[in-house]
Amino acid sequence: MSLIQPRTLKGFRDYLPEAMMPREWIIDTARRVYRSYGFKPIDTPALEYLEILTGKGSDETDKQLYRFEDHGGRMVGMRFDLTVPLARFVAQHQQELGLPFKRYHVATVWRGENTQAGRYREFMQCDFDTIGVTELTADIEMVLVLSDLFTQLGIDKLTIRVNHRAVLNGMLEKLGLADRSAAVLRALDKFSKIKEQGVVEELQRTAQATASQSEQLLALAILEGTNDQILSKLGELVRGNATGECGVAELSDLNQAALAAGVPASRLKLDPSIARGLDYYTGIVVETQLEELPDFGSVASGGRYDNLASLYTNQMLPGVGAALGLDRLLGALEKLGRLPNVQSPAPVFLCMFDPKHRNDYLKLAAQLRAVGLGVEVYPEPKKLGKQLQYADKQGFRAALIIGDAEFTAGQCQVKDLQTANSTNVPYDGADAAAIAAELRRLLAE
RNA sequence: GUGGCUGUAGCUCAAUUGGCAGAGCGCCAGAUUGUGAUUCUGGAGGUCGUGGGUUCGAUCCCCAUCAGCCACCCCA
């Protein structure tokens, strides 16, 4: 009989333990940070009625949508982000939820687009949003959460780029290009990639902008300097246009607030060229960029939308939030060689030194687990060197060694696997407190 | 979705102008019945991405297909 070839679909991946360990670490970190700001967990189905998903978004997301007819003849689609399901969720449950509603959502999404490094067809997002708040406080908090999150992830070389849609829209109104905003924003958004010349060409080609209009739009995108300098120049560019002036004022406010709340000045960068593709953003927009991999793409982004759920309810439900792209961040960290090679979820390794003491080892492991220490007992009485080699490769922090000599002396050898130093601790089989104390001291380092 | 490049051992890569498939690293075992390294010895591991065609014979040539990477597009 012929075997079926084991394989996975394009853009879909298996996750081995060495990949899952850092994955879960990032997810745990994101959850912890989100919760510390009062965001609450929710979940929604992977499948939605097709009209829920196709109503919003652009032609592009419609194209990427996984869709099919289910067993009951319903047309269904797999969610391609967590924001559209959130809109439906809030519209459906607004009576129970109350406002403001702050939620986080860590889940898998699917997009049938072409793959590339850090771009997959099945990937995970870690979203957080505040619904029902128009005050800038929520926008400021979004920036604080992002900053906190990356700090907790040990990533310092980070740029959070911030812009305001109203600044762009004000400029477009002033130039009489408001009806072509999508094409214009797309062109501006590419500024970092195709530079001045490319943007001008694209503006004239896709948005039919005149040379003069292009020049003025470009003036917006190429602004450089400190945030204060950029704000003052932006103010000049949009002067006389209420929309634009309002946007600049909010950007200024957010900038000061974030700095006051402790976001490092080097992290926050006003960037008039970022627009974000999604149509539903209406206010502040943010993107984050790893300084060491500027071309890798945004690892987290978001913004404000003032009418997200308008398709599903007449109630005005403004919101602001962002998504951490888990798989893209992991891809970036891997490229930078910054993923720790720890495969063991338990920090303590107990050697099977002598098989006749097996029950003693299992008992000691149980005693340590009872006080909250993760312990793996090696299952075979292999040579000690082999066991230690395994423990080292798996990333254990400490090894416990007890042979006849130790049992006779009433001791247990606690070995630090990072420094190779050993300490002998009293152990008589009845009480593992001394071992636990030594292990805790070691793990705290 | 469009275009380009790539696919040989777990990993990084050779070779065969169409004639038995190779190395380094890693893995397993021993030297070494109480300590992660080094060294030495031995060993396991390959449908040459998959399917078809041409041929006496295909890993090599042709076609298709799958997957990965890059660009466009878009975005996490």
Side-chain angles (χ1 to χ4, degrees), chain A residues 2-13 16 18 26 30 57-65 80-83 106-127 146 182 185-187 189-190 193-194 198 202 206 274-279 281 285-290 295-302 322-332 335 349 351-355 378 380-396 398-407 413-422:
Chain A
S2 68
L3 295 171
I4 297 166
Q5 187 183 7
R7 53 183 189 155
T8 46
L9 283 166
K10 179 185 178 74
F12 289 70
R13 300 161 298 153
L16 275 59
E18 65 206 56
I26 292 177
S58 53
D59 294 346
E60 193 61 37
T61 49
D62 279 4
K63 256 190 260 168
Q64 298 177 354
L65 193 66
F80 60 89
D81 73 2
L82 300 179
T83 306
V106 177
T108 309
V109 301
W110 297 269
R111 292 183 197 175
E113 66 175 334
N114 231 334
T115 56
Q116 225 160 74
R119 298 177 61 163
Y120 309 99
R121 291 186 167 177
E122 177 180 66
F123 59 97
M124 198 167 247
Q125 292 192 328
C126 310
D127 277 40
L146 285 172
L185 295 182
R186 241 198 304 280
D189 207 34
K190 288 185 201 164
K193 204 175 255 184
I194 60 178
E202 176 133 348
T206 65
I274 72 159
R276 308 275 318 124
L278 291 175
D279 307 326
Y281 289 117
V285 288
V286 302
E287 278 188 9
T288 58
Q289 193 179 48
L290 301 180
D295 298 327
F296 196 75
S298 177
V299 292
S301 56
L324 169 70
L326 176 66
D327 293 278
R328 181 163 288 186
L329 177 62
L330 278 166
K335 227 171 191 174
F349 181 81
C351 295
M352 178 65 69
F353 195 100
D354 183 342
Y378 198 75
E380 299 175 292
K382 281 196 191 172
K383 284 194 301 188
L384 196 55
K386 293 289 179 195
Q387 296 193 35
L388 289 171
Q389 197 175 56
Y390 168 85
D392 187 42
K393 265 180 198 144
Q394 296 292 313
F396 284 94
L400 301 180
I401 302 169
I402 323 181
D404 277 333
E406 282 79 8
F407 275 114
Q413 186 186 142
V414 179
K415 188 179 178 83
D416 182 337
L417 287 168
Q418 282 176 17
T419 64
N421 294 328
S422 289

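Protein chains get the first letters and strands the later ones, always in sequence-line order, with residue 1 at the start of each.
- Taking atom P on both B:C60 and B:G68, the two are 23 Å apart, rounded to the nearest angstrom.
- A donor N or O paired with an acceptor N or O is not found under 3.5 Å between the base of B:C66 and the side-chain atoms of A:R7.
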*Could you go through the side chain to side chain contact (heavy atoms under 4.5 Å, CB included) check for A:V106 and A:L82 one step at a time?*
CA-CA 9 Å; A:V106 177; A:L82 300 179; over 6 Å; no
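- Between A:Q387 and A:F349, some side-chain heavy-atom pair lies under the 4.5 Å cut-off.
- Remark: C1' of B:A76 and CD1 of A:I274 are 14 Å apart, rounded to the nearest angstrom.
- Stacking between A:F123 and the base of B:A76 is present: ring centres sit under 5.5 Å apart and the planes differ by under 30 degrees.
- Backbone-only engagement by A:K383 is indicated by non-hydrogen atom pairs under 4.0 Å involving sugar-phosphate atoms exclusively.
- Nucleic acid contact class of A:G11 (heavy atoms, under 4.0 Å, all strands): sugar-phosphate only.
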Give me the distances for all protein-to-nucleotides 70-72 of chain B N/O pairs that come in under 3.5 Å?
residue	atom	partner	partner atom	Å
B:C70	OP2	A:A117	N	2.7
B:A71	OP2	A:Q116	OE1	3.4
B:A71	N7	A:Q116	NE2	3.2

*Kindly determine whether A:F353 and A:I401 satisfy side chain to side chain contact (heavy atoms under 4.5 Å, CB included), including the steps that lead there.*
CA-CA 7 Å; A:F353 195 100; A:I401 302 169; 3.9 Å; yes
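- The NZ atom of A:K386 sits 12 Å away from the P atom of B:G26 (whole-angstrom rounding).
- Within the 4.0 angstrom heavy-atom criterion, no nucleotide atom of any strand lies near A:A323.
- Applying the side chain to side chain contact (heavy atoms under 4.5 Å, CB included) criterion to A:Q116, with sequence neighbours excluded, gives A:R119.
- The nearest pair of heavy atoms linking A:R328 to A:S298 is CD-O, 3.1 Å.
- Nucleic acid contact for A:E406: base, since at least one base atom lies under 4.0 Å from a heavy atom of the residue.
- The listed nucleotides are B:G30, B:G68, B:G34; the one nearest the side chain of A:K10 is B:G68.
- For the pair A:L146/A:L324, no side-chain contact is recorded, criterion being any heavy-atom separation below 4.5 Å from C-beta on.
- Of the possible polar contacts, none joining the A:T115 side chain to the A:G11 backbone as a donor-acceptor pair under 3.5 Å is found.
- The side chain of A:K382 places an N or O atom within less than 4.0 Å of a non-bridging phosphate oxygen (OP1 or OP2) of B:A29.
- A 3.5 Å limit on both hydrogen-bonding distances identifies no Watson-Crick or G-U partner for B:U32.
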What's touching nucleotides 37-46 of chain B from the protein side, N or O pairs under 3.5 Å?
residue	atom	partner	partner atom	Å
B:A37	OP1	A:Q389	NE2	2.5
B:A37	OP2	A:Q389	NE2	3.1

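- Among the heavy atoms of the strands lying under 4.0 Å from A:F353 is at least one base atom, whether or not backbone atoms are also near.
- Taking atom C1' on both B:G7 and B:A64, the two are 16 Å apart, rounded to the nearest angstrom.
- Under the Watson-Crick and G-U wobble criteria, each requiring two contacts below 3.5 Å, nucleotide B:U59 is left unpaired.
- Whole-Å rounding puts the A:E113 CD to B:A76 C1' distance at 9 Å.
- Looking at every heavy atom in both residues, A:R13 comes nearest to A:E122 through NH2-O, 3.9 Å.
- Heavy atoms of A:A405 sit under 4.0 angstrom from at least one base atom.
- Side-chain atoms of A:R121 come within 3.5 Å of backbone N or O of A:E113 as a donor-acceptor pair.
- Separation of the C1' atoms belonging to B:U12 and B:G46 is 16 Å when rounded to the nearest angstrom.
- In a base pair of the Watson-Crick type (N1 to N3 plus N6-O4 or O6-N4) or a G-U wobble (N1-O2 and O6-N3), with each distance short of 3.5 Å, B:U54 is matched with no nucleotide.
- Across all strands, A:L326 comes closer than 4.0 Å to no nucleic acid atom at all (heavy-atom distances).
- With hydrogens and angles left out, the side chain of A:R111 and the base of B:A76 share a donor-acceptor pair within 3.5 Å.
- Side-chain atoms of A:Q387 and base atoms of B:G34 include no donor and acceptor less than 3.5 Å apart.
- As judged by a 4.0 angstrom heavy-atom cut-off over every strand, A:D416 is placed among the base-contacting residues.
- The side chain of A:S301 lies closest to B:A76, out of B:C66, B:A76, B:A31.
- A:I401 comes within 4.0 angstrom of a base, heavy atoms only.
- Between the CD atom of A:E18 and the P atom of B:G26 there is a distance of 16 Å, given to the nearest Å.
- Whole-Å rounding puts the A:Y281 OH to B:C75 C1' distance at 11 Å.
- Nucleotide B:G3 is matched to B:C70 when pairs are restricted to Watson-Crick or G-U wobble geometry with both distances under 3.5 angstrom.
- Only the C1' atoms considered, B:C61 is 13 Å distant from B:G57, to the nearest whole Å.
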